[in-house]
Amino acid sequence: MPGHLLELYHQLLDKFGPQHWWPAETEFEVIVGALLTQQTRWESVEQAIENLKAQSLLTPDALADADKGTVEECIRCTGFYRQKRERLQLLSQYFSRNGVSKILERPVDELRKELLSQKGVGPETADSIILYAAHKPVFVIDAYTKRICECLGITGGYETLQRYFEDSLPGDVSLYQEFHALIVAYAKQYCTKKRCDECIIV
DNA sequence: CACCAGGTTGACC
DNA sequence: GGTCAACATGGT
């Protein structure tokens, strides 16, 4: 019985309040954060972003040309720092060559395909960039969302779950942003790998 | 000390 | 098409 997602959204909003997710001064900062946040705590990403800012490396041009050791030092705290450094600089080159807003303004389908062709950018990272930097309504499916979908009896791969959310909700950017953040807030507390308590969603 | 975190890739079936 | 180790640090 689909159609319960909007109800779930309001339940979570009542319980946790607005999350105002992905605070960032620029779109490029969102892009960098999206890459760095892979398989790490957000607090580590904030630290890394701060480090990059202190070195004035938070622009595509600066980051693309920056010294490798310097970049690795800045992002070490996010883990996988060698491959993330490589991928971050390749991504910076790409945005530097074509222009951040020029790229983000492209039609969603085209944009998604382009992002996915970049090394280190998979579906979740691409969709995070589209939703939080390009401000277009694609629903981000992360590990927490997958976990909650299991509770809801929704099975399938990334695209399947994404279609389910997008088909069940109005295509609204703010709604997608908040809902995604609320799912994470909820799952972190009540639907961890070890336990699934007080499940308000079933 | 073991396990986990806002994933992606390339190898292998 | 799906599964899986590798990638690396820091927190609980």
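Chain naming here is simple, since letters A, B, ... match the order of the sequence lines and numbering starts at 1 in each.
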Would you indicate what [X] reaches in the nucleic acid, counting non-hydrogen atoms under 4.0 angstrom: base, sugar-phosphate, or nothing?
X      : result
A/V121 : sugar-phosphate
A/G122 : sugar-phosphate
A/E124 : sugar-phosphate
A/Q47  : nothing

Short side-chain N/O contact from [X] to OP1 or OP2 of [N], under 4.0 Å:
X      : N     : result
A/R147 : B/dA5 : yes
A/T125 : B/dT8 : yes
A/R82  : C/dA8 : yes

Nucleotide nearest [X] when distance is taken to its side chain, options [options]:
X      : options             : result
A/F80  : C/dA8, B/dT8, C/dT9 : C/dA8
A/A143 : B/dG6, C/dT9, B/dG7 : B/dG7
A/Q83  : B/dC4, B/dT8, C/dC7 : C/dC7

Exercise. May A/Y81 be described as stacking on the base of C/dA8, applying a 5.5 Å centroid limit and a 30° limit on plane angle?
Worked result: no

Exercise. Are A/W22 and the base of B/dG6 stacked, counting only ring centres nearer than 5.5 Å and planes tilted under 30°?
Worked result: no

For this session: Map A/K119 and A/R41 onto DNA chain B by nearest heavy atom, then report which one ends up closer to the 5' terminus.
Result: A/R41

Exercise. For A/E43 and A/R87, take the nucleotide of DNA chain B holding the closest heavy atom to each; which residue's nucleotide lies nearer the 5' end?
Worked result: A/E43

Exercise. Taking the six-membered ring for Trp, are the ring centroids of A/F179 and A/F139 within less than 6.0 Å of each other?
Worked result: yes

Taking atom [atom1] in both [N] and [M], what distance in whole Å separates the two?
N      : M     : atom1 : value
B/dC4  : C/dC4 : P     : 16 Å
C/dA6  : B/dC3 : P     : 16 Å
C/dG10 : B/dT8 : P     : 22 Å

For this session: Kindly assign one of parallel, tilted or perpendicular to the pair A/Y132 and A/H180, based on the angle between their ring planes and the thresholds 30° and 60°.
Result: tilted

Problem set entry | NZ/NE/NH1/NH2 to OD/OE distance under 4.0 Å, A/E86 and A/K119 | no

